[in-house]
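Working notes, beginning with the structure itself.
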Amino acid sequence: MNLIAKPSKENIRTYVPIGLSLVSLSILDVFANAFFNLNLMAFFPSQLNYFLPLILGFIGFYLIRIEFSGVRSLDILNKNINSNNFNALLTLFTIFIIIKSIPPMLDWFILEANFVGNSKDDCTGDGACWVFIKVWFNRFMYGLYPDAEQWRINTAFLILFVVVGVSFFVTEKLKKYFIFFLVFVFPFLGIKLISGGSFGLEYVESAAWGGLSLTFIISAFAILFCFPIGVILALGRRSSLPAIKYISIGFIELWRGVPLITVLFMSAVMFPMFLPDGTFIDKLIRVLIAITLFEAAYMAEVVRGGLQALPKGQYEAAKSLGMGYWRMNALIILPQALKLVIPGIANTLLALVKDTPLIFVVGLMELAGMIGLAKTNPKWLGMAMEGYVFAGLVFWVICYAMSRYSQNLEKKLSTER
Amino acid sequence: MIFKKFNIENKKARDLIPQAITILALLSVIIYFATNAQINMGNRGISFGFGFLNQEASFDITFSMIEYDGSHSYGRAFLVGLLNTILVSAIGIFFATIMGVVVGISRLSDNYLIAKVAEWYVEIFRNIPLILQIFFWYFAALRALPLPENGISFYDISFLTIKGWYVPKFIWTNFNIFLLSVIAAFIAIYYINSYATKQREQFGKQIPATIISFTALILIPLITFLFLGVSLTFEYPVLKQLSPTVFTYAGGVSIIPELIALALALSMYTATFIAENVRAGILGVGKGQKEAAASIGLNKNQILKLVVMPQALRIIIPPTTNQYLNLTKNSSLAAAIAYPDIVLVFAGTALMQTGRAIEIISITMLTYLTLSISISIFMNWYNKKMAIKEK
Amino acid sequence: MMSKIIELKNVNKWFDKFQVLKDIDLEVAPQEKIVICGPSGSGKSTLIRCINRLEEHQEGNIIVDGTELSESTKNIEKIRAEVGMVFQQFNLFPHLSILDNCALAPIWVKKLPKKQAEEIAMNNLKRVQIDDQALKFPGQLSGGQQQRAAIARALCMEPKIMLFDEPTSALDPEMIKEVLDVMVDLAKGGMTMIVVTHEMGFAKEVADYMIFMDEGKIVERAKTKEFFENPKSERTKLFLSQIL
Ligand SMILES: Nc1ncnc2c1ncn2[C@@H]1O[C@H](COP(=O)(O)OP(=O)(O)O)[C@@H](O)[C@H]1O
Ligand SMILES: [Mg+2]
């Protein structure tokens, strides 16, 4: 059985160079094949040829697998991608698949893609037609909002970013005013700016709103409203008063038990039946109410988790100071409970943002909806791939950033504790 | 004394007032809504009731697992939708579980590449809205598939085309006998395992129950093929020309693209959450547990089976059940690509035709609600039963 | 040569670049009791974990009951079954009752009938005086009771050697004695024991040899009496003065 010695420290000088060159050769072969369509080992019979890189790489990895070799980089390599035969195979497969999939991806996204022009006919290459995104970009961001008025949306968001940005740097005392402005003043200011109808601003009906800006508007308002409702529901669910407790439970479980899409259907077709004939409530507002109530139920459960996690002593301490129910919650309990569940809150908000495209149910179109509209435009048929890849990227960047932020926050909080 | 009594009564009153106000407020909202609804329905000449469920639906459904056509009732249309929801959810749950477990374990792999690939899988698919993923598969990826005449063939028995995936149809003779034999096999396996446990517990004898069970599972149904007249033939899909330019496949079973896109997106999306649960579950069993198990002489498999899995599963199962529930609720996004699930068929088409918004939305929501609540009741029971006992 | 049940020769071990064990030589005869002490981080745990191969050494030889531990050691489980180990954090299996914790290995490793395994478990629980708690779960017991259960669990495999890694450090002061009493009993019964502990009273009572470790090395190895009355190394003196 001992035809060749087991790789070990003694034969490291012969085995490692041979092993490394075999691994490199196998990767090079796949690489050349994928990128330049070259077949380096064409002289082998075709059946063998196919598996050759795998076999070479496997043997190579076997040869360099020397435990405690004393060579630091080799040890790290072995430990991380080559700890046994099975792992070596997995490593090779992964590397091959990655190498193989890079060229077609690169071609589609960049090399064969079309960037210049302004109609579908300008897209002559085999790759993506980014012209589609370019031409429709404005619609994807602002929906059907009139071009001439789009500065209003920009201004509203600009104010928001500036105020939020500045508020990070001001003193604690001033921060209060900033938060007050953001929560109680800005939303109404912003919405007035965007909808218009007074101060000489042209009225833009909400049906024209759309695109990514609508995603942000809906998310922002839903967050703003679902938070306090969620807190109240959470307190209600933990109340000692049975009527309040069970009404809260019923409310929370009702919304959590059904899909959002049915709630939106309800707001679209069932809700108007409950109002006096002729009452008209704006579509956007109905959607906002639906999303807010829905997410508030989830928020309530998150907050309840925080309330439950607080030690009883906190309640007793607050009571012993003679505080009433509301003061106790507002000053002692909630600030601590909310801090405990910041990651959960962030996750709920993330879910909320990911849920916004569902407003297509009532005919509102944010980014995904606008892409659906654009791809059915007779002049731009066949652009679904570009559209959804683009939308996917945009949403991914937003959601990934949010989830990273919440993970960091979670880490920071857990080390503080 | 008097003071104390007064205080108690005072407290009672203090408790009563907010409750009374809440109930009153709720009641008045309900009454307000109800009267409006009554007036509105009166104006439209419809009255509240569920009699319409027996009326003829007179619309077609593109995909049904039970016999259905326009002449059947709305009630049956509801059932078709419900079954389609269950079908796509079951498929989604099946694949999400497999992928979730694989990815979750991969994330803990000591192979850096595998761990990274798994991590990026999770980061990518978790952070793109599910509806976009459904759109992507349905409108972009599956639309890139070839027309039937150029379908991607798998050994000429199954074809993937833009119109769906055509797979062979199973044609059984004496299927009942086969089914009975499978049930018999499972009963046999149950007895084999309890016998093995008994032998182990009473005499310390080890019986290779797993291998025997596996053999039984194959052997018993096989016998029915050989001796009891059960047979299975396949009806393969065959390309058929309908007109000079239009082709389709005849025979076999067609899996519609809506179902593929939906199942694909649901399972890939949910798998990321299951993967995180699996990871947390495995990480949740401390290193000390494995070391203690090793130090009393258990081997690797026994450590996994007797110490790690029982503890990890307690951590994994509750949130994963929740994910199954989420997947089922998310399957309602079917409506966006016209997969005929309960929302599309019932809350969509049937509602449009009958105008009975209140009844139909209520039934739809109640269906989901029943499902959710029964699962959470089960979960509570399970958690209580499985909870690790502490002081 | 044959009289040694544990032998370590020139053992070296690294965690990445950091050397935890440096040239460790150690011999233990059957029925000997050895107490290891030394500052935290000096490699005491790593040393005794190498003996049942919860950690792998990289250089040198470790021979336990005639079997050399190495990469190619088959049936490492067999050796582990002969070497009982008690951990600082008890590490009882929380999902099993105390009785099941104890009967687990006899059933699955020794392949004993359940009844017999449970009998063994009960006998050992009696030995550590918690047989009345047999049906409770680990989470329902006090720390001292848990540690005694952990000792019973190890004893159920009838090990030839017992390793203790700071068995009393995670306990409240009032519970330390009950665990030490069990260990003294065990020692008097003739068990081979290697104990990492800072309970010097216990050491004086049962240890044949004392070992002082610092920075991965055995600094001093001496008969117990000599060790306490007349330590040779300055570092040992300093350590003893801090701890006594
Ligand atoms: N798994 C590990 N990886 C890296 N370093 C470790 C590991 N376990 C222990 N160490 C390091 O080895 C040294 C000795 O640890 P240990 O044997 O636990 O010391 P003691 O038990 O004497 O306190 C410490 O510096 C510790 O940080
Ligand atoms: Mg230690």
Side-chain angles (χ1 to χ4, degrees), chain A residues 79-83 87 90-91 94-95 98 236 240-244 247 253-254 256-263 265-266 269-270 272-277 279 350 353-358 360-361 367-368 371-372 375 382 384-389 391-393 395-396 398-400 402-403, chain B residues 15-16 18-20 22-23 26 32-34 36-37 39-41 43 109-114 116-117 123-124 126-133 135-136 138-141 143-144 328-333 335-336 343 347-348 351 357-358 360-362 364-366 368-373 376:
Chain A
K79 192 177 153 215
N80 285 321
I81 63 173
N82 186 25
S83 56
N87 258 333
L90 285 180
T91 303
T94 317
I95 293 178
I98 291 173
S240 56
L241 313 178
I244 291 179
I247 289 174
E253 294 306 330
L254 173 68
R256 277 169 27 100
V258 299
L260 177 58
I261 205 167
T262 58
V263 181
F265 260 105
M266 187 177 103
V269 296
M270 184 165 133
M273 299 279 272
F274 287 143
L275 297 176
D277 207 12
T279 332
L350 188 61
V353 173
K354 284 196 283 180
D355 279 342
T356 49
L358 291 193
F360 79 88
V361 171
L367 180 55
I371 284 166
K375 81 173 171 36
M385 186 71 95
E386 284 83 351
Y388 289 122
V389 167
L393 271 174
F395 267 104
W396 185 79
I398 296 168
C399 298
Y400 183 66
M402 282 177 77
S403 79
Chain B
D15 285 355
L16 216 59
Q19 301 196 62
T22 319
I23 292 176
L26 192 68
Y32 175 70
F33 280 173
N36 282 331
I39 296 168
N40 285 334
M41 287 200 292
N43 289 347
S109 164
D110 49 10
N111 188 323
Y112 176 83
L113 279 175
I114 297 292
K116 269 289 161 202
V117 168
E123 291 296 3
I124 289 173
R126 188 175 57 174
N127 285 316
I128 297 176
L130 176 59
I131 184 85
L132 264 176
Q133 297 190 37
F135 283 154
F136 173 81
Y138 185 65
F139 289 117
R143 290 288 162 91
T328 308
K329 282 189 279 174
N330 283 335
S331 74
S332 61
L333 296 181
V343 171
L351 192 153
I358 296 177
I360 283 183
I361 296 283
S362 312
T364 314
M365 287 177 111
L366 262 180
Y368 282 107
L369 207 55
T370 314
L371 189 75
S372 301
I373 289 176
S376 51

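Small disclaimer: the values here were computed from a predicted structure and weren't measured. By convention in this document, chain letters (A, B, ...) are assigned in the order of the sequence lines, proteins followed by strands, and residues within each chain are numbered from 1.
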[atom2] on [Y] to [atom1] on [X], rounded to 0.5 Å:
| X | Y | atom1 | atom2 | value |
| --- | --- | --- | --- | --- |
| A:M385 | B:F139 | CE | CZ | 13.5 Å |
| A:M273 | A:M270 | CE | CE | 9.5 Å |
| B:I360 | A:T262 | CD1 | OG1 | 13.5 Å |

Query raised in the report: Among side-chain atoms of A:T91 and A:N82, is any donor-acceptor pair under 3.5 angstrom?
Result: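 A:T91 vs A:N82: no donor-acceptor pair found between side chains.
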Toward chain B, the part of [X] with a non-hydrogen atom under 4.5 Å:
| X | result |
| --- | --- |
| A:L254 | both |
| A:K375 | side chain |
| A:P242 | both |
| A:I247 | side chain |
| A:Y400 | both |

Contacting region of [X] [heavy-atom separation from chain A under 4.5 Å]:
| X | result |
| --- | --- |
| B:N43 | side chain |
| B:T370 | neither |
| B:R126 | both |
| B:I373 | neither |
| B:L369 | both |
| B:A336 | both |
| B:T364 | side chain |
| B:N40 | side chain |

Query raised in the report: Among B:S372, B:A140, B:P129, which residue forms the greatest number of heavy-atom pairs with chain A at distances under 4.5 Å?
Result: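 Max contact count across the listed options: B:P129.
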Query raised in the report: Between B:I124, B:L351, B:L366, which has the largest tally of heavy atom pairs under 4.5 Å with chain A?
Result: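 That would be B:I124.
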Query raised in the report: Do you know which of A:N87, A:I244, A:V269, A:I261 has the most heavy-atom pairs with chain B at a distance under 4.5 angstrom?
Result: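 It is A:N87.
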Query raised in the report: Do you know which of A:P276, A:S83, A:A243 has the most heavy-atom pairs with chain B at a distance under 4.5 angstrom?
Result: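 Max contact count across the listed options: A:P276.
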Query - From CA spacing to verdict: side-chain contact (heavy atoms from CB on, under 4.5 Å), B:I131, A:F360 - result: CA-CA 10 Å; B:I131 184 85; A:F360 79 88; 3.9 Å; yes
Query raised in the report: Is the OH atom of B:Y112 crowded by more than 12 outside heavy atoms at less than 6.0 Å?
Result: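 12 or below, so no.
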Query raised in the report: Under the side-chain contact (heavy atoms from CB on, under 4.5 Å) criterion, do B:Y368 and B:V343 qualify, and how do the steps go?
Result: CA-CA 10 Å; B:Y368 282 107; B:V343 171; 3.7 Å; yes
